[in-house]
Amino acid sequence: NETEEDGGEALTVLQKYMRGKETFRNLPLKERVEDSFPIQMLPYATKKEQCLITTTQLLCFYLNWLDNNDILENFIDKITSTNGIFDEYNDWGKYIEETK
């Protein structure tokens, strides 16, 4: 973290590595039952303080944010504090309606 002076106010700049992945992009959402990140990645990601998140999770957050702008700060806090697999927005059915 760095702190800079910006117009008399302290601005905190957060640095966090996120590893996004769109796994199984050729499968319909309801058929994506396997883990997106191999368990072998977890020790490395945890050691490097990386947040592992799928693009589907990011989309679910975005769709939720469109209806509730107050969730952004909490989402950023969760992303920056997660080392390993991000455990929110796993239930895409709450945010995305699958059509044929």
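Predicted model, so just to flag it, every value in this text is computed and none were measured.
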Colleague: CG of L52 to OG1 of T46: how many Å apart, nearest 0.5 Å?
Modeller: 7.5 Å
Colleague: Could you tell me the separation between the CD1 atom of I96 and the CG atom of L59, rounded to the nearest 0.5 Å?
Modeller: 4.5 Å
Colleague: Measuring from D70:CG to E73:CD, what's the distance to the nearest 0.5 Å?
Modeller: 10.0 Å
Colleague: Just checking F37 against F86, ring centres under 6.0 Å apart?
Modeller: no
Colleague: State which residues pass side-chain contact (heavy atoms from CB on, under 4.5 Å) with L66; sequence neighbours excluded, sorted by chain then number.
Modeller: Y62, L63
Colleague: Ignoring hydrogens, what is the shortest heavy-atom contact between G84 and T82? Give both atom names and the distance.
Modeller: O-CG2, 3.7 Å
Colleague: Q40: what forms a side-chain contact (heavy atoms from CB on, under 4.5 Å) with it, not counting sequence neighbours?
Modeller: P38
Colleague: Could you state the interatomic distance from CD1 (I71) to CG (D77), rounded to the nearest 0.5 Å?
Modeller: 12.5 Å
Colleague: For the atom pair OG1 (T80) and CZ (F75), what is the distance rounded to the nearest 0.5 Å?
Modeller: 10.5 Å
Colleague: Please, which pairs that meet side chain to side chain donor-acceptor pair (under 3.5 Å) have at least one residue in residues 85-95, sequence neighbours excluded?
Modeller: Q57-N90, N64-Y89, K78-D87
Colleague: Rounded to the nearest 0.5 Å, how far apart are CZ of R32 and CG of N26?
Modeller: 8.5 Å
